[in-house]
*Asks:* 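Have a look at this one.
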Amino acid sequence: MTAQNLPVDHELIQQAAHVSRTRCRGDHHTMAAAARARDGRIVTAVNAYHFTGGPCAELVLIGTAAAQGIYELDTIVAVGDRDRGVVPPCGRCRQVLLDYFPDIKVIVGGGHRTRTVLITDLLPESYVWADHQLEAE
């Protein structure tokens, strides 16, 4: 599969960077995420780091969006604290994003290399959970 040339949503990057600068404190919250819903609304969240494996900012964002009645996300980005810039999603987040939003776009890269890709470009030949569920009778 060839990656498409998709526009970068700079407002999402700015929102995630703002949350990272103003809400990430110490070791518990080190990443911020922002996503644009299909209806244009923007949702933000931070991770909940814990040595036992707390959820990433992208996963917290999915729950935050649902709590606001948003179930259709179009684009997502994660930004690290201490001005680390755009950070690509980890493997677990890639799989969850694919399963929840198979058409979501993800902003990756940094500086002049920032680009938007489809989640399927980040997880080629992936296991799609929904494809392996038994049909309800």
*Asks:* Could you check whether any side-chain N or O of S20 sits under 3.5 Å from a backbone N or O of A32, counting only pairs where one atom can act as donor and the other as acceptor?
*Replies:*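 Not at all, since once roles are kept as given, no pair shorter than 3.5 Å links the two residues.
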*Asks:* Of all residues at least two apart in sequence or in a different chain, which pass the side chain to side chain contact (heavy atoms under 4.5 Å, CB included) check with D27?
*Replies:*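 For D27, no residue satisfies side chain to side chain contact (heavy atoms under 4.5 Å, CB included) once neighbours in sequence are set aside.
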*Asks:* So which heavy atom on L123 is nearest to which on S126, and how close?
*Replies:*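 Where L123 meets S126 most closely, the heavy atoms are O-CB, 3.1 Å.
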*Asks:* Any chance you could lay out the side-chain contact (heavy atoms from CB on, under 4.5 Å) test for L59 and V96, step after step, and finish with the verdict?
*Replies:* CA-CA 8 Å; L59 300 184; V96 172; 3.5 Å; yes
*Asks:* For F51, enumerate each residue passing the ring-ring contact (aromatic ring centres under 6.0 Å, His included) test, keeping only those at least two apart in sequence or located in another chain.
*Replies:*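 Not a single residue meets the ring-ring contact (aromatic ring centres under 6.0 Å, His included) criterion with F51.
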*Asks:* Who passes side-chain hydrogen bond (donor to acceptor under 3.5 Å, both in side chains) against E11, sequence neighbours left out?
*Replies:*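 So E11 forms a side-chain hydrogen bond (donor to acceptor under 3.5 Å, both in side chains) with R36.
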*Asks:* Rounded to the nearest 0.5 Å, what separates atom CG in L98 from atom CG in L118?
*Replies:*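 Output value for this atom pair is 11.0 Å.
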*Asks:* Stepwise, does the side-chain contact (heavy atoms from CB on, under 4.5 Å) test hold for D9 with V77?
*Replies:* CA-CA 9 Å; D9 189 333; V77 66; over 6 Å; no
*Asks:* Show me the pairs that pass ring-ring contact (aromatic ring centres under 6.0 Å, His included) and involve residues 70-127, at least two apart or across chains.
*Replies:*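 Listed by first then second residue: Y127-H132.
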*Asks:* Find the distance between CD1 (I76) and CD1 (I42) and round it off to the nearest 0.5 Å.
*Replies:*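 Between I76 CD1 and I42 CD1, I get 12.0 Å after rounding to 0.5 Å.
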*Asks:* Tell me whether R38 at atom CZ has more than 12 heavy atoms from other residues, nucleotides or ligands lying less than 6.0 Å away.
*Replies:*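 Enclosed: over 12 neighbouring heavy atoms sit under 6.0 Å from CZ of R38.
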*Asks:* With sequence neighbours excluded, tell me which residues meet side chain to side chain contact (heavy atoms under 4.5 Å, CB included) with P102.
*Replies:*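 P102 satisfies side chain to side chain contact (heavy atoms under 4.5 Å, CB included) with no other residue.
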*Asks:* Give a yes or no on whether the backbone of N47 and the side-chain of H29 come within a donor-acceptor separation of less than 3.5 Å.
*Replies:*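 Flag set: sc H29 to bb N47 pair under 3.5 Å.
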*Asks:* Can you pull the salt bridge (charged side-chain N to carboxylate O under 4.0 Å, His left out) pairs that have at least one residue in residues 92-116, sequence neighbours excluded?
*Replies:*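 Matches after skipping sequence neighbours: D74-K105.
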*Asks:* With sequence neighbours excluded, tell me which residues meet side chain to side chain contact (heavy atoms under 4.5 Å, CB included) with R84.
*Replies:*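 Residues passing side chain to side chain contact (heavy atoms under 4.5 Å, CB included) with R84: T30, M31, D81, R82.
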*Asks:* Please report the shortest heavy-atom distance between P89 and L122, naming the atom on each side.
*Replies:*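 That closest heavy-atom pairing would be CG-CD1, 4.0 Å.
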*Asks:* Which is it for T75 and I107 under the side-chain contact (heavy atoms from CB on, under 4.5 Å) test, yes or no, and what are the steps along the way?
*Replies:* CA-CA 7 Å; T75 307; I107 300 172; 3.9 Å; yes
*Asks:* Take atom CG in D131; do more than 12 heavy atoms of anything else shown fall under 6.0 Å from it?
*Replies:*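 Counting other residues, nucleotides and ligands, CG of D131 exceeds 12 neighbours.
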*Asks:* Could you check whether any side-chain heavy atom of V8 comes within less than 4.5 Å of a side-chain heavy atom of I13, counting everything from C-beta outward?
*Replies:*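 A side-chain contact exists here, since the closest heavy-atom pair is under 4.5 Å.
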*Asks:* Test side-chain contact (heavy atoms from CB on, under 4.5 Å) on I62 and L97; report intermediate values, then the result.
*Replies:* CA-CA 9 Å; I62 291 169; L97 288 169; 4.1 Å; yes
*Asks:* Find the distance between CD1 (I119) and SG (C93) and round it off to the nearest 0.5 Å.
*Replies:*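 One finds 9.0 Å between CD1 of I119 and SG of C93.
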*Asks:* Over all heavy atoms of both residues, which pair between A45 and V60 is shortest? Give the atoms and the distance, please.
*Replies:*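 Closest pair (atom of A45, atom of V60, distance): CB-CG1, 3.8 Å.
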*Asks:* Provide the closest heavy-atom pair for T116 versus P7 in the form atom of the first, atom of the second, distance.
*Replies:*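 For T116 versus P7, the nearest heavy atoms are OG1-O, 2.9 Å.
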*Asks:* Heavy atoms only: give me the nearest V86-G109 pair and the separation to one decimal.
*Replies:*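 Taking V86 first and G109 second, the nearest heavy atoms are CB-O, 3.1 Å.
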*Asks:* Quick one: which residue pairs count as a salt bridge (charged side-chain N to carboxylate O under 4.0 Å, His left out) with a foot in residues 39-57, not counting sequence neighbours?
*Replies:*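 Non-adjacent pairs meeting salt bridge (charged side-chain N to carboxylate O under 4.0 Å, His left out): D39-R41.
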*Asks:* What residues join V46 in its hydrophobic cluster, counting side-chain heavy atom gaps under 4.5 Å, either direct or through other members?
*Replies:*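 V46 shares its hydrophobic cluster with V19.
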*Asks:* Please, which pairs that meet side-chain hydrogen bond (donor to acceptor under 3.5 Å, both in side chains) have at least one residue in residues 48-64, sequence neighbours excluded?
*Replies:*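 Residue pairs passing side-chain hydrogen bond (donor to acceptor under 3.5 Å, both in side chains), neighbours aside: H50-T52.
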*Asks:* Which atom names give the shortest non-hydrogen contact between L61 and A35, and what distance separates them?
*Replies:*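 Nearest pair, atom of L61 first, then A35: CD2-CB, 3.5 Å.
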*Asks:* Applying side chain to side chain contact (heavy atoms under 4.5 Å, CB included), can you list everything that pairs with H18, at least two apart in sequence or on another chain?
*Replies:*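 Expected list: R21, T22.
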